[in-house]
Amino acid sequence: MNWMRVCLLVYLAVVLATPLRAQSSNRLDFLTDLPDYSNLRNMLRDYLNREAISKLDERRRQILQLSTPEEVAKRRAYLREQMVQDLGRFPERTPLNARVVGTLDRDGYKIEKVIFESQPHFYVTGNLYLPKTGAPPYPGVLFPLGHESGGKSNGDWQQTLADFACRGYICFTWDPIGQGERVQLYDPDLEEGKIRESTSEHTVVGIQCLLVGDNLARYTIWDGMRALDYLLSRPEVDSTRIACTGNSGGGTHTAYLSALDDRIKVAMPSCYITSWRRLLESIGPQDAEQCIPPWIAQGLDHGDFVLAFSPKPFLILSAIRDFFSINGARETYQEAQHVYAVMGASDRVSQFAADNGHGYLQPRREAAYKWLGRWFKGQDDVSPEVPVAFASEEELRCTDSGQVNISLGGETVFSLNQKRYAQVKPVRPALGDAQAVAAFRDEVRGKVEQLAGYPHSPSPLDVKPFGVIHNEGYHIEKFTYESEPGIIIPSLLFVPDGGEARKPGVLYVDSRGKANSAAEVEPLVKSGFVVLSIDAPGWGETFHESDDDPHLWNALFPNYNSAMTALLLGTSLVAMRAQDIARGVDLLEARPEVDKDQIYGMGVSGGAVPLLHHAVLDARLKKVILKDGLVSYDAIENSKIQRDVMENIIRGVLKAYDLPDLVAALAPRPTWIVDVQDPLGKRLGLAKVREQYSAAVQAFKSSGAADALHIQMTEPREDFSITYRGLK
């Protein structure tokens with residue numbers, strides 16, 4: 001036997017002994033190495049960006065057509081109404097119960113440590129900087145903080161606030177939610193937040209806000225408005241001369257507050273104003289309070305903040321080397337110049353751009369001093385900045401422990417949002433008979449169509465073949481189909497060899513990707529099923545990994561950029577993927593090997609939620625299998641921390657329905673719910689799952705199909721086909 005033959009026999013032995021997933025993963029992800037599909041992993045992001053930019057371009061055309069102050073005023077009113085509605089409306093004004101808990105004496109100014117309640121028992125810690133020279137009433141500066149470390153003790157903030165105070169301004173700053181003394185998910189044992197990054201904590205609690213139709217910025221903006229209430233309550237402050245300025249996240253809130261609160265007379269956001277087009281082309285959507293869905297769908301952009309403030313003085317403070325695009329800032333400034341010209345106030349809008357990076361650095365601070373002096377003191381303030389002695393974080397604390405939750409207790413965003421949920425949670429009807437179940441099914445379908453629906457037109461599919469893999473007893477066809485223009489679905493069709501001419505078909509959707517799930521599909525195929533396994537956009541070989549830290553942001557929020565962009569466009573990844581699934585059902589139905597009266601849907605892991613949504617709307621799926629899927633949206637609301645749920649989020653869904661409602665709406669179709677996951681991705685016990693799905697159990701019982709709902713938990717290494725042996 002020659003050496004070549006020996007090598008061949010060894011190779012065949014290894015291949016035949018290797019599981020399907022290992023031996024053919026490269027062949028199953030068949031587009032990855034093709035030059036024509038080199039941008040496949042950016043497909044979802046690029047598709048969403050094109051949709052967004054189309055809307056933003058139309059918005060810009062409308063802005064440039066504004067020609068009268070009345071038209072500007074009409075758009076200002078539109079912005080404010082949409083913004084307040086998208087936030088979830090503001091709470092009622094309640095007593096601030098403000099108190100000064102300490103004072104620091106400094107050269108030329110003093111700092112008072114203040115605690116107030118922006119909502120009852122929702123405590124806000126702040127520092128008030130007061131001049132020692134001059135005579136009141138002094139002009140006031142509201143100073144929302146950014147995401148930089150240290151909260152209100154950050155050196156750049158102290159320099160800015162102290163310098164303003166020495167120039168004769170009273171300044172008030174406060175710890176934002178998730179920062180300084182107001183960490184929402186504080187762990188007293190670790191003496192730090194359970195989630196270290198403030199932006200990550202913002203997004204964890206922000207997801208919970210989105211589920212009830214609110215936005216985290218509802219809380220952060222309201223804190224700012226109540227901070228302004230406190231500033232104006234001080235007799236030393238001139239209420240006719242109030243400015244707002246801040247950097248980064250503080251620049252965001254300067255833009256928000258100035259657009260919504262008429263008491264602010266001069267606005268100077270630093271290192272924030274750019275444009276959504278440039279954001280999407282560069283760093284993408286930022287954390288929860290910086291994104292207000294469905295903002296882009298409503299034709300709104302950064303320039304609308306400036307427009308809403310016109311004709312009052314507005315200074316855009318920019319950094320040429322910022323991660324917020326300088327080109328976007330310049331384009332927004334050009335648009336603002338047009339708006340201010342229409343308002344007859346061209347001299348009241350300006351931009352200052354320094355050749356440095358992100359931060360409220362000295363050139364921008366000095367530009368702010370100059371601009372504010374012009375409007376509040378009648379002349380440009382060009383006096384040089386004087387270095388100040390910084391106070392320590394401990395010195396500036398308003399609480400003994402350094403954390404509101406420890407020293408004062410009270411509310412958190414989590415607890416307040418739970419109360420919001422209790423107010424909007426729908427009352428579920430009793431499902432005591434088949435008629436009640438049918439009425440509930442119709443109601444749920446209507447709500448799904450409204451919140452997560454999609455235009456399904458069973459038109460001819462554009463299918464492109466990419467070869468066939470022959471295995472023992474079956475073969476795999478590799479192809480793509482286009483679910484909508486610009487969305488390519490890489491797919492594998494597993495077809496048993498021989499047997500009946502028409503076989504039951506399964507549409508298999510697994511967020512781990514079609515290649516990784518091939519070994520679990522194989523037993524189904526060998527049992528006589530035709531299985532279509534797809535990579536929905538953002539999964540499998542279309543997955544795009546964020547450039548952010550994979551050990552933190554990506555672990556908590558995979559596919560965040562695409563998920564948030566979809567929400568900003570007024571849709572969701574759930575809705576988009578449900579449409580991809582619908583077209584997959586069309587494809588299966590048209591195959592000659594498939595019995596169209598025996599088409600089933602199987603959603604695994606992240607694939608469970610969109611598959612379930614589509615199944616509610618598509619009676620062609622005669623049986624539904626959900627494995628390793630999220631237990632409910634309710635569980636997210638009642639869990640302080642979640643991870644890897646962002647792609648499942650539908651804005652306001654808990655005002656309409658929850659996942660167990662969708663399962664109830666499937667009755668009496670045979671349905672399997674297997675190995676349900678909690679919001680941390682851990683498997684729930686059967687008792688807890690059955691409790692969550694008790695109404696669904698009742699719906700199946702009332703439909704005369706009590707045995708059609710299977711709530712199961714598999715054993716470790718249990719054969720895949722055993723779990724679903726009831727499919728046939």
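The shown structure was predicted, so the numbers you read here are calculated from the model rather than taken from an experiment. The residues of the chain are indexed from 1 along the displayed sequence.
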### Message
With a 6.0 Å cut-off (strictly less than), is the heavy-atom count around NZ of Lys312, excluding the residue itself, greater than 12?
### Response
yes
### Task
Evaluate the side-chain proximity of Pro144 to Trp174: yes if any heavy-atom separation is below 4.5 Å, no if none is.
yes
#### Entry: Enclosure of Glu92 CD (heavy-atom neighbours >12, cutoff 6.0 Å)
no
#### Entry: Exercise: identify the closest heavy-atom pair between Glu482 and Gly486
OE2-N, 3.4 Å
### Query
Could you go step by step and tell me if Gln337 and Tyr333 meet the side-chain hydrogen bond (donor to acceptor under 3.5 Å, both in side chains) rule?
CA-CA 6 Å; Gln337 286 178 304; Tyr333 174 53; 3.2 Å; yes
### Query
Angle class for the His147/His202 ring planes (parallel below 30°, perpendicular above 60°, tilted otherwise)?
tilted
### Message
Between Ile63 and Asp304, is the side-chain contact (heavy atoms from CB on, under 4.5 Å) condition met? List the steps.
### Response
CA-CA 9 Å; Ile63 295 296; Asp304 286 291; 4.1 Å; yes
### Query
Between OG of Ser200 and CD1 of Ile195, what distance do you get to the nearest 0.5 Å?
6.5 Å
#### Entry: NZ/NE/NH1/NH2 to OD/OE distance under 4.0 Å, Arg61 and Glu58
yes
### Message
Please determine whether a side-chain nitrogen of the Lys or Arg among Glu81 and Arg89 lies less than 4.0 Å from a carboxylate oxygen of the Asp or Glu.
### Response
yes
### Shortest non-hydrogen contact between Met564 and Pro293, atoms and distance
SD-CG, 3.9 Å
### Message
Could you tell me if the side chain of Leu280 sits less than 4.5 Å from the side chain of Ile296, heavy atoms only?
### Response
yes
#### Entry: pair Met646-Asn559: side-chain heavy atoms closer than 4.5 Å
no
### Task
Check whether any side-chain heavy atom of Ser572 lies under 4.5 Å from a side-chain heavy atom of Ile649, and answer yes or no.
no
#### Entry: Note: Lys419-Glu411 ion pair, threshold 4.0 Å (strictly below)
yes
### Task
Determine the minimum heavy-atom distance between Gly224 and Leu142, stating which atoms define it.
O-CD2, 3.8 Å
### Message
Checking Leu659 against Leu626 for the side-chain contact (heavy atoms from CB on, under 4.5 Å) test, could you report, in this order, the C-alpha distance in whole Å, the side-chain angles of both residues, the deciding distance, and whether it holds?
### Response
CA-CA 11 Å; Leu659 302 181; Leu626 308 172; over 6 Å; no
### Task
Output yes when Glu541 and Lys514 qualify as a salt bridge under the 4.0 Å nitrogen-oxygen rule, no when they do not.
yes
### Query
Roughly how far, to the nearest 0.5 Å, is the OG1 atom of Thr332 from the CG atom of Asp301?
6.0 Å
### Query
Are Asp634 and Lys425 close enough for a salt bridge, meaning some N to O gap below 4.0 Å?
yes
### Query
Taking all atoms of both residues into account, what is the closest heavy-atom pair of Cys209 and Val413, and its distance?
SG-CG1, 4.0 Å
### Task
Go through the side-chain N and O atoms of Thr252 and Gln290 and say whether any donor and acceptor fall under 3.5 Å apart.
yes
### Task
On the 0 to 90° scale, with breaks at 30° and 60°, tag the Phe324-His358 ring pair as parallel, tilted or perpendicular.
tilted
### Query
Would you find a donor on one side and an acceptor on the other, under 3.5 Å apart, between the side chain of Thr542 and the backbone of Ala536?
yes
### Query
If we only count heavy atoms from C-beta on, is the Tyr481 to Asp586 side-chain gap below 4.5 Å?
no
### Query
Do Lys74 and Thr68 have side-chain heavy atoms sitting under 4.5 Å apart?
no
### Task
Classify the side-chain pair Ser562/His544 by whether it contains a donor and acceptor separated by less than 3.5 Å.
no
### Query
Between Arg226 and Gln119, is there a donor-acceptor pair closer than 3.5 Å when you use the side chain of the first and the backbone of the second?
no
## Note on the structure
Between the OH atom in Tyr256 and the OG1 atom in Thr220, the distance rounded to the nearest 0.5 Å is 7.0 Å
### Query
Do Ser639 side-chain atoms and Gln642 backbone N/O form a donor-acceptor pair below 3.5 Å?
no
### Message
Distance alone, cut at 3.5 Å: any donor-acceptor contact between the side chains of Asp287 and Thr199?
### Response
no
### Message
Pairing donors with acceptors under 3.5 angstrom, does anything connect the side chains of Asn49 and Glu281?
### Response
no
### Query
Arg76 and Leu307: side-chain contact (heavy atoms from CB on, under 4.5 Å), yes or no, with the steps?
CA-CA 7 Å; Arg76 179 190 302 117; Leu307 179 148; 4.3 Å; yes
### Distance in Å, Asn42 CG paired with Leu48 CG, rounded so as to fall on 0.5 Å steps
12.0 Å
#### Entry: Test item: side-chain donor near acceptor, Tyr47 and Glu484, under 3.5 Å
yes
### Carboxylate-amine/guanidinium proximity below 4.0 Å for Asp57 and Arg60
no
### Query
Between Thr412 (side chain) and Gln184 (backbone), is there a donor-acceptor pair under 3.5 Å?
no
### Task
Check whether any side-chain N or O of Gln298 sits under 3.5 Å from a backbone N or O of Leu79 as a donor-acceptor pair, and report yes or no.
no
### Query
OH/Tyr421 to CG/Leu654 distance, rounded to the nearest 0.5 angstrom?
4.5 Å
#### Entry: Residue pair Thr245 / Tyr360, side-chain donor-acceptor N/O under 3.5 Å
yes
### Query
Which pairs with one or both residues in residues 198-218 pass salt bridge (charged side-chain N to carboxylate O under 4.0 Å, His left out), sequence neighbours excluded?
Asp214-Arg420
### Query
Hey, does the side chain of Asp628 reach the backbone of Val604 with a donor-acceptor pair shorter than 3.5 angstrom?
no
### Query
For Trp539, is the NZ or CZ atom of Arg577 found under 6.0 angstrom from the centre of its six-membered ring and inside 45 degrees of the ring axis?
yes
### Query
Below 4.0 angstrom, N of the basic side chain to O of the carboxylate: do Asp223 and Arg182 qualify?
yes
### Message
Do Gln351 and Ser318 pair up side chain to side chain, a donor and an acceptor below 3.5 Å, judged on atom types alone?
### Response
yes
### Query
Is it true that the side chains of Asn154 and Glu148 contain a donor and an acceptor less than 3.5 Å apart?
no
### Task
Could you check if a side-chain atom of Asp86 sits within less than 4.5 angstrom of a side-chain atom of Pro294, using non-hydrogen atoms only?
yes
### Task
Check whether any side-chain N or O of Gln286 sits under 3.5 Å from a backbone N or O of Cys291 as a donor-acceptor pair, and report yes or no.
no
### Message
Given 3.5 Å as the limit, does a donor-acceptor pair link the side chain of Thr254 with the main chain of Gly246, or not?
### Response
yes
### Query
Do the side chain of Thr571 and the main chain of Leu569 share a donor and acceptor less than 3.5 angstrom apart?
no
### Task
Please examine the side chains of Leu87 and Trp222, heavy atoms only from C-beta on, and report whether any two atoms are closer than 4.5 Å.
no
### Query
How many angstroms lie between CD1 in Ile316 and SG in Cys271, if you round to the nearest 0.5 Å?
12.0 Å
### Worked check of side-chain contact (heavy atoms from CB on, under 4.5 Å) between Phe305 and Met83
CA-CA 10 Å; Phe305 297 130; Met83 190 171 177; 4.0 Å; yes
### Query
Is the side chain of Arg75 donor-acceptor paired with the backbone N or O of Ala308 at a distance under 3.5 Å, no angle test?
no
### Nearest heavy-atom neighbours spanning Pro537 and Asp580
CD-OD2, 2.9 Å
### Query
Can you say whether the rings of His302 and Tyr272 are parallel (under 30°), tilted (30 to 60°) or perpendicular (over 60°)?
parallel
### Task
Could you tell me whether Lys447 and Glu443 have a side-chain N and a carboxylate O separated by less than 4.0 Å?
yes
### Summary
All heavy atoms of His613 vs all of Ala452, minimum pair found to be CD2-CB, 3.9 Å
